[in-house]
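We number each residue from 1, following the sequence as shown. Quick caveat: nothing in here was measured; it's all calculated off a predicted structure. Reckoned from all heavy atoms, side chains included, excluding hydrogens, waters and symmetry mates.
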Amino acid sequence: MKRDDMLHPQVSGNKFRKLKYPLQALQGQSAHVVSMGGIWSNHIHALAHAAHTLGLPTTALIRGATGMHSAMLDDVRALGMQVQFVSREAYRELRQDESAWRKHVELSDAVALWLPEGGSAPLALRGVAELVAELPFIPDYLVVACGTGATLAGLLAGLGGRSKVIAIAAISKGEYLRAEVSRLLRQAGYLDYQNYELLTDYHHGGYGKTTPALTGFCHEFQQETAIPLEPVYTGKMMFALRQLWHDGHLARNARVIAVHTGGLQGARGYL
């Protein structure tokens, strides 16, 4: 297992990698960062910590109604992030139109950086691609959870056609992620690599949903290995990997590395 959950105590896993180059590009500028997410968003949590460290003001457009509460929102507000709730309809528009955030945030003369959901900007792929050079070897299979497609695309960029990535969609109806991966690769200047398999039947009911089997697996895995999992992303990925092994989907002598993409703060929503 590649333990990216240990990269940083707060800006962990794939969020650290996705934010690295977009935020580095703002060095020396008076910039305001605007992004979007849910009330337990790992991306928003990581962004608040990273931007606070760099002295960058931030605004988060949060899907939900005024007055909704979570420990994640408490954390980011304490770090100075402005939180603004938007309706489901407005949130859907933010996904479809990268300029729609301007309807909700007024900035005068400040340089603005918009980061889409999950931090999945083309520049994010560069940071994710660096993970490959840190691996002890190039495995036959690299296994990762998939939410927006950016981490998968970044791994494909780093592998440059080598190995095969097995991506476990953490959301229902995830087939559209194939087009997202291709779009991100092209926009970031990489080839449209196809050496991956996207599995869409391990979402346990959809994004943020879980089942007794999944929560039980996460608990047992942590008890046996002392490696914490959360049921939104990495828990689903490891649950699927166990099933793939038992079903003979992987060759018995295959070398496999699973990527722990962090995001453990989100597990607080299931306590």
Side-chain angles (χ1 to χ4, degrees), residues 2-63 69-85 94 98 101 104-134 145 147-148 150-151 153-155 158 184 188 228 230 232-234 259-269:
K2 177 70 170 73
R3 294 289 306 277
D4 263 16
D5 58 311
M6 301 176 72
L7 278 178
H8 187 278
Q10 300 296 341
V11 192
S12 74
N14 59 344
K15 307 309 178 189
F16 182 101
R17 297 185 185 278
K18 288 190 203 177
L19 289 171
K20 179 178 178 180
Y21 289 105
L23 293 185
Q24 275 191 7
L26 297 177
Q27 283 187 335
Q29 300 184 58
S30 176
H32 193 113
V33 184
V34 185
S35 194
M36 62 189 284
I39 64 171
W40 289 103
S41 168
N42 294 324
H43 162 64
I44 294 298
H45 191 260
L47 173 61
H49 281 277
H52 177 75
T53 300
L54 298 172
L56 296 171
T58 52
T59 297
L61 302 177
I62 301 295
R63 181 182 64 247
H69 173 264
S70 73
M72 191 283 290
L73 293 178
D74 289 343
D75 289 347
V76 302
R77 284 182 171 128
L79 292 164
M81 175 178 272
Q82 299 297 310
V83 172
Q84 185 172 333
F85 290 98
L94 290 170
E98 63 180 23
W101 65 270
H104 307 278
V105 182
E106 291 186 8
L107 298 177
S108 55
D109 298 325
V111 174
L113 171 66
W114 165 250
L115 291 176
E117 191 174 32
S120 298
L123 195 56
L125 273 60
R126 181 179 169 191
V128 177
E130 292 177 343
L131 179 151
V132 174
E134 300 171 11
T148 63
T151 299
L155 292 177
L184 285 165
E230 42 70 45
V232 184
Y233 293 105
T234 310
V259 181
H260 194 314
T261 49
L264 294 170
Q265 70 83 29
R268 296 180 294 178

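- Among residue pairs with one or both ends in residues 27-43, none qualify as salt bridge (Lys or Arg N to Asp or Glu O under 4.0 Å); sequence neighbours excluded.
- Scanning both residues, M81 and A60, for their nearest heavy atoms gives SD-CB, 3.5 Å.
- When T234, D4, N42, L131 are each tested for a side-chain contact (heavy atoms from CB on, under 4.5 Å) with T261, only one passes: T234.
- Counting all heavy atoms, side chain and backbone alike, S120 lies closest to A150 at OG-CB, 3.3 Å.
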Going through the distances and angles, do E130 and K20 end up as a side chain to side chain contact (heavy atoms under 4.5 Å, CB included)? CA-CA 11 Å; E130 292 177 343; K20 179 178 178 180; 3.0 Å; yes

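- Distance CG/D5 to CG/N14: 11.0 Å, rounded to 0.5 Å.
- Between K18 and L115, every side-chain heavy-atom pair lies at or beyond the 4.5 Å cut-off.
- Looking only at distances, a side-chain donor or acceptor of S70 sits under 3.5 Å from a matching main-chain atom of I39.
- Applying the side-chain contact (heavy atoms from CB on, under 4.5 Å) rule to L54 yields the partners L23, L56; only residues at least two apart in sequence or on another chain are considered.
- Salt bridge present: E134 and K2 bring a charged side-chain N and a carboxylate O closer than 4.0 Å.
- K15 NZ to H8 NE2: the interatomic distance, rounded to the nearest 0.5 Å, is 15.5 Å.
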Given T151 and V259, is the side chain to side chain contact (heavy atoms under 4.5 Å, CB included) satisfied, shown in steps? CA-CA 10 Å; T151 299; V259 181; 5.8 Å; no

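- Distance check, rounded to the nearest 0.5 Å: CG of L79 to CG of L47 gives 10.0 Å.
- Closest approach of T148 and G118 over heavy atoms only: CG2-CA, 4.5 Å.
- We find the OG-CD1 distance between S41 and I62 to be 6.5 Å, quoted to the nearest 0.5 Å.
- Between F85 and L73 the shortest side-chain heavy-atom distance falls below 4.5 Å.
- Annotation: the span from H45 atom NE2 to W40 atom CH2 amounts to 9.5 Å, rounded to 0.5 Å.
- A salt bridge does not link D74 to R268: none of the charged side-chain nitrogens sits closer than 4.0 Å to a carboxylate oxygen.
- Scanning all heavy atoms of the two residues, the minimum distance from V11 to A50 falls at CG2-N, 3.9 Å.
- For CD of E98, the number of neighbouring non-hydrogen atoms (other residues, nucleotides, ligands) closer than 6.0 Å is 12 at most.
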Which is it for L94 and E117 under the side chain to side chain contact (heavy atoms under 4.5 Å, CB included) test, yes or no, and what are the steps along the way? CA-CA 9 Å; L94 290 170; E117 191 174 32; over 6 Å; no

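- When all heavy atoms are compared, the tightest approach of M36 to I44 is O-CD1, 3.5 Å.
- Q29 places no side-chain N or O within 3.5 Å of a backbone atom of A112 that could act as its donor or acceptor partner.
- The shortest distance between side-chain heavy atoms of T58 and H52 does not fall below 4.5 Å.
- T59 pairs with exactly one of H104, Q84, H32, Q82 by the side-chain hydrogen bond (donor to acceptor under 3.5 Å, both in side chains) rule, that one being H32.
- Contact detail for A188 and L125: the closest heavy-atom pair is CB-CD2, 3.9 Å.
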